[in-house]
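Notes follow once the structure below has been shown.
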Amino acid sequence: MLDKTNVKMLEKVVVRFSGDSGDGMQLAGNIFSNVSAGVGNQISTFPDYPAEIRAPQGTLSGVSGFQVHIGKGVHTPGDLADVLVSMNPAALKQNVKFLKPSGVAIVDIDSFKKADLDKALYKTDNPYEEIGLKAQVVEVPITSMVKAALADSGLDLKSILRCKNMFALGFICWLFDRPLESALRQLKNKFAKKPAIFEANAKVMQAGYDYGHNIHASVSTYRIESDNIRPGVYTDVNGNTATAWGLIMASEKSGRPLFLGSYPITPATDILHELAKRKDLGVKAVQMEDEIAGVCSAIGASFAGNLAVTSTSGPGLALKGEGIGLAVMAELPLVVIDVQRGGPSTGLPTKTEQTDLMQALYGRNGESPLAVVAPASPADCFDMAFEAARIAIEHMTPVILLSDAFIGNGSTAWRIPEADEYPEIHPHFPSPDLLEKGWKPYMRDENDVRYWAIPGTPGFAHRLGGLEKDSVTSAISTDPANHEKMVLLRKEKIERIALDIPALEVQGDPDADTLLIGWGGTFGHLFTAVEELNAAGKKVAFAHFRYINPLPANTKEVLAKYKNVVVAELNTGMFADFLQAKNPGINIRRINKIQGQPFLVQEIVDGVTKIMEEK
């Protein structure tokens, strides 16, 4: 039995797993996150892995990390870790900057021999002192204990060493009083078709747990407090999976079959993978030969009456630009998902940025307006994917969903919703009585939305395409006045969407004269920063934008109330520029970061404080 006198209660804790790209840090982190979600903890994760396919083992460039924040009131993966697991010297060297000085570093001491130190470019034989490690160090002989545990398994040495991550996971489960049974169930699902591998990993995980139990006199066990959460079925979900599921819900609520035409690209590929599994729900997911074929196949599917989607990242969005322009001209519903990554060009494929905003707003030839929305968290990807589909179908327009690598790969505890919690989506089909009124292809309703006449519907034959059409008949037209009329109609249609989206909400101190603004995946860091600023007696309010184009109808009214308006974003100030252009009388200040990494909460706190203290 665990010595309960050694159990300490914590409100929240941050754990970071680090090792070689082949050490299974992402798997260990994901299982630990799922176990924590299952016991009622809030979680936020940050997978941080290299773009290289496989760097040389033990080198600095090959280090992969996974950080998870668990407990109550969790909105970010945490600035610094309380516990850092390092499988080799390179992992420790690369990640020591993410560890609190008061934290605990757990190292596989078997991997700290001179040859290992040399690979990681250490200059002395005292790695802890050399990198300035101030935390408590727990040296665990992980490699030798895994070899001993699996000596009679019949596995080769390479397969045995692949189990080291499960020893570390077992030890961490003991350290934070996690139920090992839940971790074992997940492991069994992972290796359902490889029972021998499952048995080996399960044995090693138990060995790690038992090792922690045996040394508990020197390391305390921690129990993390859980929130009083709404009853329901919870799971650990990442943003890309939630996006795929939100689209499926939209398909169910609209009665339109879901079609995805896509081409693999980091970090968006998991959306394609997830939807490809869902043939049982009628989903058609097609991997096309390139990005252009992906968007064009989706446009064809939209023309034929499907909920049509294409997914990509920044480089692919650039390639899809002409196709998206065609969907704007033809006024067809289309959802374009951009999981943003560092650019330009190939840039930083596995790192996060918010640098595609201007491309989403303006990156097409001609006057080509469309709707742009952005989820705020991994769980919110479900809601905003649903919203993107709803807006596209009900307003007959392409919609770009701007996710990013941080929330696309990151995960959180998510309550699986009931179907009746989401509204019906009403496709804008023409009713038979329009025929009696003398229907024409570009007839519009009171919101300037034209009708979705699916080919083959009797009486509703029409033509669509990339050439400008007559505003009533849809016949090709080069008339100057008609072109201007159509440009303005398409613009007005997008602007009217502001009447169909929620008003901008303000949180934080109601007496504040400083307003912090964010958009998309920065929500957790900014929200937490405002909580800390308010707790320190600084009067700061917070508004977060999930609807970018059009902006919520009350945006100008909200901004005008504050002396200081500060926009924080992971680019050079794109949303600040957009807001400034839309609200020329407002003086907007900026906090920017373009390092391929999410904000630290402290960076926001320091930035806002500096602006508030300026005369």
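Side chains of M87 and M25 form a contact here, defined as non-hydrogen atoms less than 4.5 Å apart. At a threshold of 4.5 Å between non-hydrogen side-chain atoms, the residues D23 and N165 do not count as touching. At least one side-chain heavy atom of V83 sits under 4.5 Å from a side-chain heavy atom of I106. For the pair L402/Q340, a side-chain contact is recorded, criterion being any heavy-atom separation below 4.5 Å from C-beta on. Annotation: side chain of V608 is in contact with side chain of I591 (closest heavy-atom distance under 4.5 Å). Annotation: side chain of C381 is in contact with side chain of I407 (closest heavy-atom distance under 4.5 Å). I70 has its side chain out of reach of V15: every pair of non-hydrogen atoms, C-beta onward, lies at least 4.5 Å apart. Residues K190 and Q186 have side chains not in contact (no heavy-atom distance under 4.5 Å, counting atoms from C-beta outward).
If you check the side chains of R178 and N41, you find a donor sitting under 3.5 Å from an acceptor. At a cut-off of 3.5 Å, with distance as the only test, a side-chain donor of Y49 or N409 sits close to an acceptor on the other residue. When only modelled atom types and interatomic distance are considered, D236 and S411 share a side-chain donor-acceptor pair under 3.5 Å. A donor-acceptor contact under 3.5 angstrom links the side chains of S111 and D108, judged on distance only.
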Please evaluate residues R16 and D48 with respect to the criterion salt bridge (Lys or Arg N to Asp or Glu O under 4.0 Å), reporting the C-alpha separation (whole Å), side-chain torsions for both, the decisive distance (0.1 Å), and the verdict. CA-CA 10 Å; R16 189 174 181 96; D48 189 14; 3.2 Å; yes

Checking side-chain contact (heavy atoms from CB on, under 4.5 Å) for the pair Y209/L169: CA distance, chi angles, key distance, verdict? CA-CA 8 Å; Y209 190 92; L169 176 61; over 6 Å; no

Give the intermediate values and the outcome of side-chain contact (heavy atoms from CB on, under 4.5 Å) for residues I594 and L570. CA-CA 5 Å; I594 321 102; L570 299 176; over 6 Å; no

CA sep, side-chain torsions, deciding dist, call: E274, W245, side-chain contact (heavy atoms from CB on, under 4.5 Å): CA-CA 8 Å; E274 183 62 29; W245 293 351; 2.9 Å; yes

With side-chain contact (heavy atoms from CB on, under 4.5 Å) as the criterion, how do L559 and L579 come out once you've worked through the C-alpha distance, each side chain's angles and the decisive distance to 0.1 Å? CA-CA 10 Å; L559 301 188; L579 274 182; 4.3 Å; yes

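In this view, L361 and L357, M358, V372, I548, N549, F578 satisfy the side-chain contact (heavy atoms from CB on, under 4.5 Å) rule, not counting sequence neighbours. The side chain to side chain donor-acceptor pair (under 3.5 Å) search around T355 returns E353, not counting sequence neighbours. The side-chain contact (heavy atoms from CB on, under 4.5 Å) check on N126 picks up T124, Y128, E129, with sequence neighbours excluded. Partners of R185 by side chain to side chain donor-acceptor pair (under 3.5 Å), not counting sequence neighbours: none found. Not counting sequence neighbours, T269 has no partner by the side chain to side chain donor-acceptor pair (under 3.5 Å) test. With sequence neighbours excluded, the residues that form a side-chain contact (heavy atoms from CB on, under 4.5 Å) with Q94 are L60, V63. Taking the salt bridge (charged side-chain N to carboxylate O under 4.0 Å, His left out) definition, one finds that K561 meets it with nothing, sequence neighbours left out. For A379, the side-chain contact (heavy atoms from CB on, under 4.5 Å) partners two or more places apart in sequence, or in a different chain, are S377, T412, W414.
Considering every non-hydrogen atom in both L133 and A105, the closest pair reads CD2-CB, 4.3 Å. Residues A183 and C173 come closest through the heavy atom pair CB-SG, 4.5 Å. Here the closest non-hydrogen pair linking V565 and I586 is CG2-CG2, 3.9 Å. Considering all non-hydrogen atoms of both residues, G573 and R590 come closest at O-NH1, 3.4 Å. Between I271 and V339, the shortest heavy-atom distance links the atoms CD1-CG2, 4.0 Å. Pairing each heavy atom of S345 with each of P315, the nearest pair is O-CG, 3.6 Å.
Listed by first and then second residue, the side chain to side chain donor-acceptor pair (under 3.5 Å) pairs that reach into residues 84-93 are S18-S86, D20-N88, sequence neighbours excluded. Every pair passing side chain to side chain donor-acceptor pair (under 3.5 Å) that includes a residue from residues 594-609 is listed here, sequence neighbours excluded: K593-E603, Q602-D606. Every pair passing side chain to side chain donor-acceptor pair (under 3.5 Å) that includes a residue from residues 522-548 is listed here, sequence neighbours excluded: D380-R546, E387-Y547.
Under a 3.5 Å cut-off, the side chain of R341 and the backbone N or O of G596 do not form any donor-acceptor pair. Proximity of a side-chain donor or acceptor of N238 to a complementary backbone N or O of T241 within less than 3.5 Å is detected. E505 places no side-chain N or O within donor-acceptor distance of the main-chain N or O of A543, the cut-off being under 3.5 Å. Proximity of a side-chain donor or acceptor of Q42 to a complementary backbone N or O of G71 within less than 3.5 Å is not detected. Looking only at distances, no side-chain donor or acceptor of Q136 sits under 3.5 Å from a matching main-chain atom of V104. The backbone N or O of A268 lies less than 3.5 Å from no partner atom in the side chain of N240, so there is not a single donor-acceptor pair. One N or O on the side chain of H69 and one on the backbone of T76 form a donor-acceptor pair closer than 3.5 Å.
L27 CG to R162 CZ: the interatomic distance, rounded to the nearest 0.5 Å, is 12.5 Å. Between the CG atom of D118 and the OH atom of Y122 there is a distance of 11.5 Å, given to the nearest 0.5 Å. The structure places CH2 of W174 at 10.0 Å from OH of Y211, a figure rounded to the nearest 0.5 Å. Taking CG from D110 and OG1 from T143, the interatomic distance works out to 4.5 Å, rounded to the nearest 0.5 Å. Considering CD of Q26 and OG of S64, their distance stands at 4.0 Å, rounded to 0.5 Å. Atom CG of L272 is separated from atom CD1 of I265 by 12.0 Å, given to the nearest 0.5 angstrom.
Environment of CD in E139: crowded, with over 12 heavy atoms of neighbouring residues, nucleotides or ligands closer than 6.0 Å. By the neighbour-count criterion of 12 heavy atoms within 6.0 Å, atom CG of D125 is sparsely surrounded, having that number or fewer from other residues, nucleotides or ligands. The number of heavy atoms from other shown groups lying within 6.0 Å of NZ (K123) does not exceed 12.
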Side chains of residues 507-521: which donor-acceptor pairs under 3.5 Å do they make with residues two or more places apart or in other chains?
residue	atom	partner	partner atom	Å
D509	OD1	D511	N	2.7
T514	OG1	N564	ND2	3.1
W519	NE1	E569	OE1	3.0

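Taking the six-membered ring for Trp and the full ring otherwise, the centers of F46 and F406 sit less than 6.0 Å from each other. The six-membered or imidazole ring of F545 lies near that of F575, with a centre-to-centre distance under 6.0 Å.
Between D577 and K582 there is no salt bridge, since no side-chain nitrogen of the basic residue lies less than 4.0 Å from a carboxylate oxygen of the acidic one.
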